[in-house]
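Comments concern the structure below.
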Amino acid sequence: MLTRIMVTPEGNDSTRQRILDAIRAVPRGEVASYGGIARRSGLPGRARLVARVLGENDDADLPWHRILRADGRIAFAAGSRPFREQAKRLRAEGVAVRNGRVQMAEAEETLDAAVWAPR
DNA sequence: AGAATGACAGGAA
DNA sequence: GTTCCTGCCATTC
């Protein structure tokens, strides 16, 4: 039916797939923001969608721990179980985590270069 | 239909 | 440097 085709917004699986791919593209030892992933997925301004997809994800191989808020803070409540787990995984990759946050200004640029730079 | 919620972001204070 | 407030998007009550 036409209605069915026309109504499909973006909550479909292909959109989620693009987001997951962008997350998988983040190199080990690097980090990215929710908004950054959204932008690279062709979905500027939909950081919260990225967060939702991550929350519903069940793939153990997905590097979910490399995704932080734009200011470098871990998105989970400080001290919570997932919060500690994320900090642990990041440090395991050599990422400095200080008071639940990392300096990601440089990391973002480095990442952009790694992902987008032609050379 | 209106309000509340959340792994967000950006700018103001 | 931080904390606060507003805007956003999608989903759930």
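Here the structure is a predicted model, which is why all the values come from computation and not from measurement. Chain letters run A, B, ... following the sequence lines, proteins first and then strands; every chain starts at 1.
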A:L54 atom CG is separated from C:dA10 atom P, nearest whole Å, by 16 Å

To the nearest angstrom, the OH-C1' distance between A:Y34 and B:dA7 comes to 4 Å

From CD1 of A:I74 across to C1' of B:dC8 the rounded distance in Å is 15 Å

- Query: Stepwise, does the side-chain contact (heavy atoms from CB on, under 4.5 Å) test hold for A:V26 with A:I37?
  - Reply: CA-CA 9 Å; A:V26 180; A:I37 292 298; 4.0 Å; yes

When rounded to whole Å, the CD to P distance for the pair A:E85 and B:dA7 reads 17 Å

**Asked** So, the side chain of A:R18 versus the backbone of A:S41: is there a donor-acceptor pair under 3.5 Å, distance only?
**Response** yes

Partner of A:H65 under side chain to side chain donor-acceptor pair (under 3.5 Å), picked from A:E93, A:R91, A:K88, is A:E93

#### Entry: Base C:dC8 to side chain A:R48, donor-acceptor N/O within 3.5 Å cut-off
yes

Of the listed B:dA9, C:dA10, B:dA7, the closest approach to the A:A75 side chain comes from B:dA7

Here the distance between atom P of C:dC9 and atom CZ of A:R16, to the nearest Å, is 21 Å

Side-chain N,O (A:R81) to OP1/OP2 (B:dA7) below 4.0 Å: no

In whole angstroms, the gap separating P of C:dC8 from CZ of A:R46 amounts to 12 Å

Taken to the nearest whole Å, CD/A:E56 to P/B:dG6 is 14 Å

For A:L54 and A:W64, the nearest pair of non-hydrogen atoms, with its separation, is CD2-CB, 3.7 Å

Here the gap from A:T15 atom OG1 to A:L20 atom CG, rounded to the nearest 0.5 Å, amounts to 10.5 Å

Picking from B:dA9, C:dT2, C:dT11, the nucleotide nearest the side-chain atoms of A:S33 would be B:dA9

Describe the nucleic acid contact of A:G55 in one word from base, sugar-phosphate, nothing, applying a heavy-atom distance below 4.0 Å.
base

Nearest-nucleotide check on DNA chain C, A:R101 vs A:G45; residue mapping nearer the 5' end is A:R101

note: A:R52, atom CZ; B:dT5, atom P; distance rounded to Å ~ 14 Å

Of B:dA7, B:dA9, C:dT11, the nucleotide closest to the side chain of A:A70 is B:dA9

